[in-house]
Amino acid sequence: MQRILWGRATSSNVMKVIWLLEELSLPYDRIDVGGAFGKTDTPEYRAMNPTGLVPTLQEDHFTLWESNAILRYLCAAHAPNSSFWPQPPHARATIDR
(Lines give C-alpha, C1' and ligand atoms only; values in the text may rest on other atoms or scores of the structure.)
Protein backbone atom coordinates (compact mmCIF):
# COMPACT_ATOMS: atom_id res chain seq x y z
CA MET A 1 0.00 0.00 0.00
CA GLN A 2 1.27 3.42 -0.88
CA ARG A 3 0.50 6.05 1.76
CA ILE A 4 1.29 9.74 1.25
CA LEU A 5 0.71 12.52 3.74
CA TRP A 6 0.60 15.95 2.17
CA GLY A 7 1.48 18.80 4.53
CA ARG A 8 4.32 20.57 6.26
CA ALA A 9 5.62 19.10 9.51
CA THR A 10 5.26 22.48 11.25
CA SER A 11 1.46 22.42 10.97
CA SER A 12 -0.19 21.24 14.20
CA ASN A 13 -2.86 19.42 12.18
CA VAL A 14 -0.21 17.60 10.17
CA MET A 15 1.80 16.88 13.34
CA LYS A 16 -1.05 14.96 14.94
CA VAL A 17 -1.43 12.76 11.85
CA ILE A 18 2.33 12.14 11.80
CA TRP A 19 2.19 11.21 15.47
CA LEU A 20 -0.53 8.61 14.88
CA LEU A 21 1.14 7.18 11.77
CA GLU A 22 4.34 6.76 13.79
CA GLU A 23 2.53 5.28 16.81
CA LEU A 24 0.81 2.74 14.56
CA SER A 25 4.09 2.01 12.70
CA LEU A 26 2.38 2.70 9.39
CA PRO A 27 4.85 3.48 6.61
CA TYR A 28 4.24 6.72 4.73
CA ASP A 29 5.89 9.34 2.62
CA ARG A 30 5.32 13.01 3.39
CA ILE A 31 5.29 15.81 0.84
CA ASP A 32 5.80 19.39 2.04
CA VAL A 33 2.90 21.62 1.01
CA GLY A 34 1.24 24.57 2.68
CA GLY A 35 2.65 27.61 4.43
CA ALA A 36 6.00 28.65 3.03
CA PHE A 37 5.96 25.62 0.70
CA GLY A 38 2.79 26.74 -1.05
CA LYS A 39 1.35 24.33 -3.64
CA THR A 40 -2.06 24.03 -1.94
CA ASP A 41 -3.63 26.39 -4.46
CA THR A 42 -2.53 24.38 -7.50
CA PRO A 43 -5.15 22.61 -9.61
CA GLU A 44 -3.50 19.26 -8.80
CA TYR A 45 -3.72 19.74 -5.03
CA ARG A 46 -7.25 21.20 -5.22
CA ALA A 47 -8.31 18.13 -7.20
CA MET A 48 -7.26 16.04 -4.20
CA ASN A 49 -8.46 18.45 -1.53
CA PRO A 50 -10.88 21.17 -2.61
CA THR A 51 -10.41 23.06 0.67
CA GLY A 52 -6.76 23.74 -0.18
CA LEU A 53 -5.74 23.06 3.41
CA VAL A 54 -3.38 20.54 4.99
CA PRO A 55 -3.20 17.69 5.74
CA THR A 56 -4.33 15.40 2.98
CA LEU A 57 -3.84 11.64 3.17
CA GLN A 58 -3.68 9.33 0.18
CA GLU A 59 -3.79 5.56 0.53
CA ASP A 60 -3.58 3.98 -2.89
CA HIS A 61 -6.73 5.30 -4.61
CA PHE A 62 -8.39 6.70 -1.46
CA THR A 63 -7.94 10.38 -0.53
CA LEU A 64 -9.05 12.05 2.69
CA TRP A 65 -8.54 15.51 4.17
CA GLU A 66 -9.27 17.16 7.55
CA SER A 67 -6.95 16.03 10.32
CA ASN A 68 -9.56 14.65 12.73
CA ALA A 69 -11.28 12.70 9.95
CA ILE A 70 -7.87 11.29 9.00
CA LEU A 71 -7.15 10.27 12.61
CA ARG A 72 -10.51 8.51 12.96
CA TYR A 73 -10.04 6.77 9.62
CA LEU A 74 -6.52 5.55 10.45
CA CYS A 75 -7.67 4.17 13.78
CA ALA A 76 -10.76 2.48 12.34
CA ALA A 77 -8.83 1.03 9.39
CA HIS A 78 -5.55 0.12 11.05
CA ALA A 79 -6.09 -0.05 14.82
CA PRO A 80 -9.66 -1.14 15.57
CA ASN A 81 -10.26 -2.15 19.18
CA SER A 82 -6.99 -0.54 20.24
CA SER A 83 -6.47 2.07 22.94
CA PHE A 84 -6.42 4.59 20.09
CA TRP A 85 -9.90 3.52 18.93
CA PRO A 86 -11.72 1.68 21.73
CA GLN A 87 -15.15 0.15 21.15
CA PRO A 88 -16.97 1.21 24.34
CA PRO A 89 -18.95 4.38 23.53
CA HIS A 90 -17.73 6.39 26.57
CA ALA A 91 -14.08 5.52 25.85
CA ARG A 92 -14.52 6.37 22.17
CA ALA A 93 -16.21 9.68 23.04
CA THR A 94 -13.25 10.54 25.28
CA ILE A 95 -10.88 9.90 22.36
CA ASP A 96 -13.06 12.01 20.03
CA ARG A 97 -13.08 14.84 22.55
Side-chain angles (χ1 to χ4, degrees):
M1 171 181 293
Q2 182 181 21
R3 185 176 296 111
I4 301 171
L5 178 63
W6 295 78
R8 65 189 189 286
T10 57
S11 161
S12 59
N13 288 325
V14 175
M15 284 181 200
K16 61 187 175 182
V17 176
I18 291 171
W19 169 78
L20 185 59
L21 288 166
E22 294 290 334
E23 286 290 321
L24 297 177
S25 299
L26 295 173
Y28 66 97
D29 293 312
R30 190 178 56 77
I31 298 175
D32 283 321
V33 296
F37 297 100
K39 303 177 192 166
T40 56
D41 58 353
T42 64
E44 295 80 16
Y45 190 80
R46 289 294 178 109
M48 280 190 304
N49 179 343
T51 70
L53 301 173
V54 295
T56 300
L57 178 74
Q58 290 181 303
E59 280 190 343
D60 292 331
H61 300 290
F62 177 67
T63 301
L64 185 63
W65 61 89
E66 204 291 312
S67 61
N68 291 324
I70 293 170
L71 295 175
R72 287 189 292 272
Y73 162 74
L74 289 171
C75 286
H78 302 289
N81 301 313
S82 72
S83 60
F84 293 110
W85 198 240
Q87 293 303 305
H90 290 167
R92 171 110 20 118
T94 298
I95 296 295
D96 278 339
R97 179 184 56 210

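All heavy atoms count here, side chains included; hydrogens, waters and symmetry mates do not.
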For R3, which residues count as a salt bridge (charged side-chain N to carboxylate O under 4.0 Å, His left out) partner, sequence neighbours excluded?
E59

Can you list everything that forms a salt bridge (charged side-chain N to carboxylate O under 4.0 Å, His left out) with R30? Sequence neighbours excluded, please.
D32

Within one Ile-Leu-Val-Met-Phe-Trp-Tyr cluster: I31 and L26, side-chain cutoff 4.5 Å
yes

Can you name the closest pair of heavy atoms from [X] and [Y] and give their distance?
X: L64; Y: A69; answer: CD2-O, 3.6 Å
X: I70; Y: V17; answer: CG2-CG1, 3.7 Å
X: V14; Y: P55; answer: CG2-CB, 3.7 Å

Rounding to 0.5 Å, atoms CG (L20) and CG (L5) come to a distance of 11.0 Å

side-chain hydrogen bond (donor to acceptor under 3.5 Å, both in side chains) pairs, two or more places apart, involving residues 80-89
N81-Q87

Pair listing, side-chain hydrogen bond (donor to acceptor under 3.5 Å, both in side chains) test, anchored in residues 60-69, at least two apart:
N13-S67, K16-S67, K16-N68

Partners meeting ring-ring contact (aromatic ring centres under 6.0 Å, His included) with Y73 (sequence neighbours left out):
F62

According to ring-ring contact (aromatic ring centres under 6.0 Å, His included), who are the partners of Y45, at least two apart in sequence or on a separate chain?
none

Taking distance alone, no hydrogens or angles, what donor-acceptor pairs closer than 3.5 Å link side-chain atoms of residues 89-97 to residues at least two apart or in another chain?
residue: R92; atom: NE; partner: P86; partner atom: O; Å: 2.9
residue: R92; atom: NH2; partner: P86; partner atom: O; Å: 3.2
residue: T94; atom: OG1; partner: H90; partner atom: O; Å: 3.0

Tell me which pairs pass ring pair (Phe, Tyr, Trp, His ring centres under 6.0 Å) where either residue lies in residues 7-36, with sequence neighbours left out.
W19-F84

Quick one: does any side-chain atom of S11 pair with a main-chain N or O of R8 as donor and acceptor, under 3.5 Å?
no

Enumerate the salt bridge (Lys or Arg N to Asp or Glu O under 4.0 Å) contacts for residues 68-90, please, sequence neighbours excluded, ordered by first and then second residue.
none

Residues which pass side chain to side chain donor-acceptor pair (under 3.5 Å) with T51, listed by chain and number, not counting sequence neighbours
N49

